[in-house]
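The figures here come from the full heavy-atom set of this structure, side chains too, leaving out hydrogens, waters and symmetry mates.
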Amino acid sequence: QCEEAAYEERQYPAGKWASVTKGEPLYEQSTSMSFMKLMRYICKENSVGCYLGMTVPVLSEIHLTKEGTKLEREVITAYYLPGEFQQNPPVPMDPEINITERAPLRVITRVFYGTTTEETILREISLFWELLGCTDTVLRETYIVAAYENPSIPQRRNEIWFICQA
């Protein structure tokens, strides 16, 4: 019987992402509103007028306050464009959607299940730091929450990503 690894290191290639930045009072409001905009873009509100196809995970880039006890309001929610659209991404109809090229990314990641709220994310970050111990190989103020399933699934699979220093 295999035990699940506590965490793993991964490398992601550079690529184009569609993203929305929101700063609502609650983390869940920001990600929900951003994801709805991204879904409209994915489904038809784009320059090619067709369904682009869904990719996972959907990423939410978050930043901790200076004290490290809360999340900054601004959250960037991003969707990786499918391979056939990487070279020539369809233009979004919504001006709040940005198409950006992300540099290659190296992360240390840990799985968690359930809803993603400010409280659960802060708890996961804290638990992950306890597990990793003292290290200066990862960023301390920027983190990524990766969602692999529909937010309506109560025990959905998520990951917290610690971004490795370049």
Side-chain angles (χ1 to χ4, degrees), residues 2-23 27-28 30-31 34-35 37-38 41-42 52-90 92 97-151 153 155-166:
C2 288
E3 265 189 59
E4 197 172 323
Y7 58 87
E8 64 180 285
E9 188 171 319
R10 286 193 214 131
Q11 178 81 36
Y12 289 93
K16 291 193 175 71
W17 294 73
S19 66
V20 177
T21 303
K22 287 275 179 205
Y27 167 84
E28 307 90 291
S30 293
T31 56
S34 294
F35 185 70
K37 286 179 170 288
L38 291 171
Y41 168 68
I42 293 164
L52 304 180
M54 190 64 208
T55 62
V56 291
V58 171
L59 305 183
S60 295
E61 185 178 309
I62 56 170
H63 303 273
L64 294 187
T65 57
K66 296 245 183 289
E67 311 77 56
T69 56
K70 288 202 270 194
L71 300 183
E72 293 280 355
R73 288 295 128 230
E74 204 166 82
V75 178
I76 302 167
T77 303
Y79 147 82
Y80 183 78
L81 290 160
E84 64 266 32
F85 300 111
Q86 280 292 313
Q87 290 306 310
N88 191 13
I97 297 174
N98 299 300
I99 305 297
T100 52
E101 172 90 30
R102 285 186 163 226
L105 186 65
R106 201 163 55 88
V107 297
I108 299 174
T109 175
R110 183 169 186 270
V111 174
F112 69 99
Y113 295 91
T115 57
T116 51
T117 64
E118 181 166 351
E119 184 184 354
T120 60
I121 292 165
L122 289 170
R123 183 174 63 239
E124 290 302 324
I125 289 171
S126 175
L127 287 168
F128 203 174
W129 274 116
E130 278 179 39
L131 205 55
L132 273 183
C134 194
T135 178
D136 56 2
T137 61
V138 296
L139 301 179
R140 285 197 169 266
E141 43 303 304
T142 303
Y143 300 90
I144 294 174
V145 178
Y148 286 85
E149 295 168 309
N150 185 315
I153 295 171
Q155 283 303 307
R156 77 172 177 174
R157 177 175 178 252
N158 308 289
E159 293 174 344
I160 190 76
W161 291 5
F162 281 23
I163 303 164
C164 296
Q165 304 271 16

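The shortest side-chain heavy-atom distance between Val145 and Ile160 falls under the 4.5 Å cut-off. Considering only heavy atoms from C-beta on, Leu52 comes within 4.5 Å of Pro90 through its side chain. Side-chain contact between Arg157 and Val56: absent, with no pair of heavy atoms (C-beta onward) separated by less than 4.5 Å. Proximity of Ile99 to Tyr41: side-chain heavy atoms (C-beta onward) are separated by under 4.5 Å at one or more points. Side-chain contact between Leu127 and Phe112 is absent, with no heavy atoms from C-beta onward closer than 4.5 Å. No side-chain heavy atom of His63 sits less than 4.5 Å from a side-chain heavy atom of Leu71.
Of the possible donor and acceptor atoms, one in the side chain of Thr120 sits under 3.5 Å from a partner among the backbone N and O of Thr115.
The two atoms that bring Phe162 and Leu132 nearest to each other are CD2-CD1, 3.6 Å, heavy atoms only. Taking all atoms of both residues into account, the shortest heavy-atom contact from Leu38 to Ala18 is CD2-O, 3.7 Å. Between Thr65 and Glu72, the closest heavy-atom pair is CA-OE2, 3.7 Å. Contact detail for Gln86 and Leu81: the closest heavy-atom pair is NE2-O, 2.7 Å. Summarising the geometry of Lys22 relative to Ser30, their closest heavy-atom pair is O-OG, 3.6 Å, with the distance given to 0.1 Å. In this structure, Val138 and Gln165 approach most closely via the heavy-atom pair O-NE2, 3.7 Å.
Applying ring-ring contact (aromatic ring centres under 6.0 Å, His included) to Tyr12 and the options Trp17, Tyr80, Trp161 leaves one that passes, Trp161. Of the candidates Val111, Thr116, Ile121, Asn158 forms a side-chain contact (heavy atoms from CB on, under 4.5 Å) with just one, namely Thr116.
Counting non-hydrogen atoms of neighbouring residues, nucleotides and ligands closer than 6.0 angstrom, the CD atom of Glu119 reaches no more than 12 such neighbours. Within 6.0 Å of CD on Gln87 lie no more than 12 heavy atoms contributed by other residues, nucleotides or ligands.
Ionic pairing of Glu118 and Lys70 is not present here: no N-O contact between side-chain nitrogen and carboxylate oxygen is shorter than 4.0 angstrom.
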Walk me through it: do Thr137 and Thr135 pass the test side-chain hydrogen bond (donor to acceptor under 3.5 Å, both in side chains)? CA-CA 6 Å; Thr137 61; Thr135 178; 2.8 Å; yes
CA sep, side-chain torsions, deciding dist, call: Lys16, Thr100, side-chain contact (heavy atoms from CB on, under 4.5 Å): CA-CA 5 Å; Lys16 291 193 175 71; Thr100 52; over 6 Å; no
When you look at Arg156 and Asn150, which way does the side-chain contact (heavy atoms from CB on, under 4.5 Å) test go after all the steps? CA-CA 7 Å; Arg156 77 172 177 174; Asn150 185 315; over 6 Å; no
Verdict with reasoning, Val107 to Glu159, per side-chain contact (heavy atoms from CB on, under 4.5 Å): CA-CA 11 Å; Val107 297; Glu159 293 174 344; over 6 Å; no
Given the rule in the side-chain contact (heavy atoms from CB on, under 4.5 Å) test, do Leu64 and Leu122 qualify, once you have shown the distances and angles that lead to the verdict? CA-CA 9 Å; Leu64 294 187; Leu122 289 170; 3.6 Å; yes
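Atom-to-atom distance recorded for Arg106:CZ and Ile163:CD1 is 12.0 Å, nearest 0.5 angstrom. One distance of note links CD of Glu74 with CD1 of Ile62; it measures 13.0 Å at 0.5 Å rounding. The distance from atom CD1 of Ile108 to atom OH of Tyr7, rounded to the nearest 0.5 Å, is 6.5 Å. Atom OG1 of residue Thr109 and atom CZ of residue Phe128 lie 6.5 Å apart, to the nearest 0.5 angstrom.
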